[in-house]
Amino acid sequence: MELQDYKLLVTDFDQEDASRVQGTLNARGMNAQKISRLPRIDNLSEDNDVVIVIITGGVHEKQTIQFIESIKYAPASLGVICLVEPTEPQNLAWFDSLGVDEVFEKPVSGEDIAQATSRLLDRNRLVGSIGIIGRTPPMREVIERVAQYSQVGSTVLISGDSGTGKELVAQAVHSLSGRRHQRFIAVNCGAIAEGVLESELFGHEKGSFTGATSLRKGHFEIADGGTIFLDEVGEMPLSVQVKLLRVLEEKEFMRVGGSNRIRVNVRMLAATNKDLELEVERGAFRRDLFYRLKVLSVVIPPLRERREDIPLLLNYFIKELSRENDKKFAGIDP
């Protein structure tokens with residue numbers, strides 16, 4: 001979508017600020033419209049073309065407070081910016097806890113608002129392309145890290161409880177990176193037997209063990225040029241960790257039973273639901289490999305620590321199920 005395809009609403013609660021902000025945004029090719037009343041959250045949906053609401057004043061007024069307190073029911077892609085007077089009673093923590101994305105204390109330049117708007121539009125495109133849902137501060141941080149880490153080639157260690165979406169984050173990093181047109185291969189290290197994992201990752205030569213009736217390429221070789229995601233890397237046996245470390249350090253390996261070194265250009269992402277530092281202290285995980293994997297890190301918070309995101313997830317699943325079953329469903333009341 002082009003910039004003008006995104007609708008930006010600017011409240012005219014402060015006429016001077018509203019005109020300045022609208023003028024700056026439209027001069028940048030955006031589609032900013034002034035409004036006299038805030039929209040109802042329940043009238044906004046993922047299909048709605050409104051993506052950012054900029055509140056120029058009156059945050060202490062009833063309708064504005066009601067709007068801000070209902071942001072948790074808004075689509076994950078909606079961005080909200082507030083301009084506040086230095087004497088406003090609400091503090092920054094209040095805005096942040098309710099999902100307001102940017103808060104500026106007046107006076108503020110139109111250029112500052114334009115830069116914040118550009119950041120939120122980038123996030124909007126990011127959320128739309130990767131499907132990570134959440135408005136709470138921890139999830140906004142996850143989204144920002146995904147955007148940053150996708151632009152570099154370092155290894156990333158993704159930590160979080162089972163079911164928090166670690167593979168989704170890995171796929172997002174890959175899909176936004178320069179390797180997005182190459183392969184993304186996910187390997188669940190905890191689901192493959194120790195005697196088989198090495199062959200799965202690095203391949204084997206014909207006759208290297210009983211049953212090896214032909215040469216077989218491993219996941220690293222197949223993923224050359226792309227990204228490999230090692231899920232539950234904390235379950236990997238020490239014998240395989242040694243070979244994995246060599247791939248990270250030398251970008252080469254040998255197939256099981258082979259003598260030729262094979263060079264690969266693969267970005268490695270890893271995930272774990274374990275405390276790997278504790279595993280290192282227990283001697284169950286190599287310290288040098290741990291630091292090689294954790295050049296960059298993302299910690300995905302469990303839902304119990306971001307309960308405010310539950311309405312967003314409910315709305316998302318309701319929409320998906322309604323579409324799949326061709327049924328209309330009004331939603332769930334408070």
Side-chain angles (χ1 to χ4, degrees), residues 1-41 43-61 63-68 70-71 74-88 90 92 94-96 98-130 132 135 137 139-141 143-148 150-151 172 175-178:
M1 294 177 68
E2 303 297 325
L3 280 178
Q4 62 269 21
D5 295 326
Y6 296 99
K7 186 184 291 184
L8 318 177
L9 302 183
V10 183
T11 67
D12 63 1
F13 301 160
D14 184 317
Q15 288 282 357
E16 183 178 344
D17 280 335
S19 296
R20 182 172 65 254
V21 168
Q22 182 190 29
T24 303
L25 296 179
N26 287 342
R28 287 191 166 205
M30 302 179 193
N31 177 16
Q33 304 173 16
K34 282 199 287 188
I35 55 172
S36 57
R37 287 187 60 84
L38 285 163
R40 287 177 56 89
I41 287 292
N43 289 336
L44 298 175
S45 69
E46 293 290 358
D47 298 323
N48 195 290
D49 53 359
V50 176
V51 293
I52 297 177
V53 175
I54 302 171
I55 301 173
T56 59
V59 297
H60 60 284
E61 295 178 4
Q63 68 154 314
T64 308
I65 292 174
Q66 288 176 339
F67 177 84
I68 292 174
S70 62
I71 288 175
S77 56
L78 181 71
V80 179
I81 299 174
C82 283
L83 279 57
V84 301
E85 300 287 349
T87 56
E88 296 284 4
Q90 286 84 6
L92 294 180
W94 180 79
F95 290 104
D96 197 45
L98 293 174
V100 174
D101 298 284
E102 302 271 359
V103 181
F104 292 93
E105 189 173 288
K106 297 182 181 183
V108 58
S109 69
E111 183 64 26
D112 286 340
I113 302 301
Q115 290 179 6
T117 301
S118 294
R119 288 195 297 272
L120 292 182
L121 287 176
D122 287 341
R123 188 197 69 182
N124 181 284
R125 288 189 282 261
L126 180 64
V127 170
S129 64
I130 64 181
I132 295 177
R135 301 186 59 87
M139 289 308 294
R140 294 207 296 267
E141 182 177 346
I143 292 169
E144 288 172 8
R145 291 199 177 199
V146 167
Q148 294 168 1
S150 65
Q151 304 307 305
S175 66
L176 296 169
S177 74

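Computed from a prediction, not measured in an experiment: that's the story for all the values here. Counting begins at 1 with the first residue of the sequence.
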Residues in side-chain contact (heavy atoms from CB on, under 4.5 Å) contact with [X], at least two apart in sequence or another chain:
X	value
Pro137	Asp96, Arg140
Glu16	Asp14, Arg20
Gln15	Asp12, Lys34
Ile132	Ile130, Met139, Ile143, Val146, Leu168, Val169, Ala172

All salt bridge (Lys or Arg N to Asp or Glu O under 4.0 Å) counterparts of [X], not counting sequence neighbours:
X	answer
Arg37	none
Glu144	none
Glu141	Arg145

Ignoring hydrogens, what is the shortest heavy-atom contact between [X] and [Y]? Give both atom names and the distance.
X	Y	value
Gly99	Arg135	O-NH2, 3.2 Å
Thr64	Val59	CG2-CA, 3.6 Å
Ile52	Leu78	N-CD1, 4.1 Å
Asp101	Gly79	OD2-CA, 3.2 Å
Leu38	Gln63	N-OE1, 3.5 Å
Ser118	Arg28	OG-NH1, 3.9 Å

How far does [atom1] of [X] sit from [atom2] of [Y], to the nearest 0.5 angstrom?
X	Y	atom1	atom2	value
Lys106	Cys82	NZ	SG	10.5 Å
Phe104	Asp112	CZ	CG	5.5 Å
Ile55	Ile68	CD1	CD1	4.5 Å

So, do [X] and [Y] sit near enough that their side-chain heavy atoms are less than 4.5 Å apart?
X	Y	answer
Val53	Leu8	no
Phe95	Val80	no
Leu25	Thr117	yes
Ile54	Ile81	yes
Ser36	Phe13	no
Ile113	Gln115	no

For Glu102, check side-chain hydrogen bond (donor to acceptor under 3.5 Å, both in side chains) against everything at least two apart and list the hits. Arg119
So, using side-chain hydrogen bond (donor to acceptor under 3.5 Å, both in side chains) as the criterion, who are the partners of Thr11 when residues are at least two apart? Thr56
